[in-house]
Amino acid sequence: MDLETQTETPTVLVLTYHSEAYVERLAHTGLVPRFVTDLPELLEVLGSGVLCTGLILDVQRVMRADRVSRDLLFSYADTVPIVRSKVERATGLVIFIDSLEVLHHSCRGTGFRAMVRVPVKLNALLSEGHDPAMAQVQRLNILDISLGGCFLYTMENFDDIDFVHIRIMELENKLPILCNIRWRQIWGRENVLPGIGVKFVSIKPDQLDEIREKIKETSSTRYSSSH
């Protein structure tokens with residue numbers, strides 16, 4: 001079991017050029033902001049695994065971003081609370097389009113994430129983040145999986161790639177799953193298989209249900225064989 005204890009202070013990521021206005025507006029909310037000025041920087045921070053309770057997005061900054069970055073951002077909507085905002089030009093005041101309550105609710109979580117990771121042998125297709133239609137794919141194998149992500153066995157170099165789409169062929173729902181590459185293992189290290197560890201960013205509920213069943217089946221088989 002992978003158990004990740006959240007000991008650092010949960011952060012709210014704020015996308016804006018006007019950090020001073022947001023500091024004043026958030027001063028008495030109990031939320032701890034971390035400011036970024038553009039969407040690529042925000043995606044990089046999200047991909048780094050920062051402990052994040054939600055996003056506050058200046059809608060004007062979002063609309064000025066390129067389409068690929070916007071699509072990647074909106075893929076996080078299923079897993080990270082988002083509050084839209086804007087700064088009024090006339091007054092310089094911050095207006096929250098959505099309630100900040102969703103961020104406070106997220107902060108009341110347990111502070112722990114537990115993921116059971118089990119060995120599997122699954123077939124997968126992979127495309128880079130800018131190719132959601134999966135027009136150009138690589139064939140790989142998944143060697144372990146949890147509800148949060150999986151390990152993909154591959155010889156390819158993914159040093160300059162942060163996001164990928166994968167299609168797990170053994171799932172009934174074969175829609176592409178957007179993933180963030182969290183770590184890489186290169187070929188040539190002793191007793192280490194090459195590949196990438198990915199976190200599921202955008203995955204459908206029925207896909208998670210199928211993965212949950214595969215984890216139960218594998219765990220049951222391993223338990224039975226050991227007794």
Side-chain angles (χ1 to χ4, degrees), residues 1-4 39-50 52 66-76 78-80 113-219 221-222:
M1 177 177 290
D2 295 331
L3 187 60
E4 215 176 308
L39 211 44
E41 182 185 0
L42 176 63
L43 292 170
E44 181 179 351
V45 173
L46 284 170
S48 72
V50 66
C52 172
D66 63 273
R67 181 184 60 80
V68 172
S69 295
R70 289 201 306 270
D71 289 345
L72 288 173
L73 173 67
F74 294 143
S75 296
Y76 276 95
D78 292 337
T79 55
V80 181
R113 293 190 293 269
M115 293 291 178
V116 176
R117 185 171 60 180
V118 300
V120 292
K121 295 178 181 177
L122 302 175
N123 299 293
L125 301 178
L126 176 147
S127 68
E128 296 184 13
H130 59 75
D131 183 17
M134 304 194 75
Q136 296 182 326
V137 299
Q138 301 179 34
R139 293 172 174 84
L140 311 93
N141 292 103
I142 298 173
L143 299 189
D144 67 48
I145 197 167
S146 73
L147 292 179
C150 64
F151 172 71
L152 291 149
Y153 173 68
T154 175
M155 298 284 189
E156 297 297 322
N157 187 338
F158 288 88
D159 283 348
D160 299 322
I161 301 172
D162 293 319
F163 293 91
V164 294
H165 303 273
I166 65 170
R167 175 176 287 132
I168 302 176
M169 305 309 295
E170 283 78 5
L171 298 185
E172 289 292 328
N173 185 342
K174 293 181 174 58
L175 285 175
I177 300 169
L178 177 65
C179 302
N180 170 229
I181 298 178
R182 302 300 297 274
W183 52 269
R184 302 160 176 83
Q185 294 284 8
I186 61 173
W187 180 88
R189 296 184 59 189
E190 186 176 357
N191 297 321
V192 175
L193 286 174
I196 54 174
V198 303
K199 174 185 176 182
F200 300 141
V201 172
S202 180
I203 184 170
K204 300 299 181 184
D206 60 328
Q207 292 175 316
L208 274 179
D209 289 340
E210 289 189 69
I211 292 172
R212 184 178 290 107
E213 286 304 312
K214 291 186 180 299
I215 291 173
K216 288 181 180 178
E217 292 170 6
T218 303
S219 299
T221 301
R222 292 173 69 194

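Judged by distance alone, with hydrogens and angles left aside, the side-chain atoms of His165 form no donor-acceptor pair with the main-chain N or O of Pro176 at under 3.5 Å. In this structure a side-chain-to-backbone donor-acceptor pair under 3.5 Å is missing from Arg184 to Gly195. Under the 3.5 Å distance criterion, the side-chain polar atoms of Gln207 are matched with a main-chain donor or acceptor of Asn173. Side-chain atoms of Asp131 come within 3.5 Å of backbone atoms of Gln136 as a donor-acceptor pair (strictly under, hydrogens ignored).
When side chains are defined from C-beta on, Arg167 does not count as touching Ile177, because their heavy atoms never get closer than 4.5 Å. In this structure, Ile181 and Ile161 have side chains that are in contact, with non-hydrogen atoms separated by less than 4.5 Å. Using a 4.5 Å heavy-atom threshold, the side chains of Val118 and Asp144 count as separate. Using a 4.5 Å cut-off on side-chain heavy atoms (C-beta onward), Phe200 and Ile211 make contact. At a threshold of 4.5 Å between non-hydrogen side-chain atoms, the residues Leu73 and Leu39 count as touching. Looking at Ile215 and Leu147, their side chains come closer than 4.5 Å, going by heavy atoms from C-beta outward. For the pair Val201/Cys179, no side-chain contact is recorded, criterion being any heavy-atom separation below 4.5 Å from C-beta on.
In the displayed structure, Lys174 atom NZ is contacted under 6.0 Å by more than 12 heavy atoms of other residues, nucleotides or ligands. By the 6.0 Å contact criterion, OH on Tyr153 is open, its count of non-hydrogen atoms from other residues, nucleotides or ligands being 12 or less.
Heavy atoms only, all atoms of each residue included: Leu193 and Gln185 are closest at O-CB, 3.5 Å.
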Are Leu122 and Asn141 close enough, and set up right, to give a side chain to side chain contact (heavy atoms under 4.5 Å, CB included), and what steps lead you there? CA-CA 6 Å; Leu122 302 175; Asn141 292 103; over 6 Å; no
**Prompt:** Does the pair Ile145 and Ile168 meet the rule for a side chain to side chain contact (heavy atoms under 4.5 Å, CB included), with working shown?
**Reply:** CA-CA 11 Å; Ile145 197 167; Ile168 302 176; 4.3 Å; yes
Please assess Glu170 against Asn123 for the test side chain to side chain donor-acceptor pair (under 3.5 Å), listing each intermediate value before the final yes or no.
CA-CA 7 Å; Glu170 283 78 5; Asn123 299 293; 2.8 Å; yes
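With ring centers used as reference points, Phe151 lies under 6.0 Å from Trp183.
Among residues two or more places apart in sequence or in another chain, the side chain to side chain donor-acceptor pair (under 3.5 Å) test is passed with Thr154 by none.
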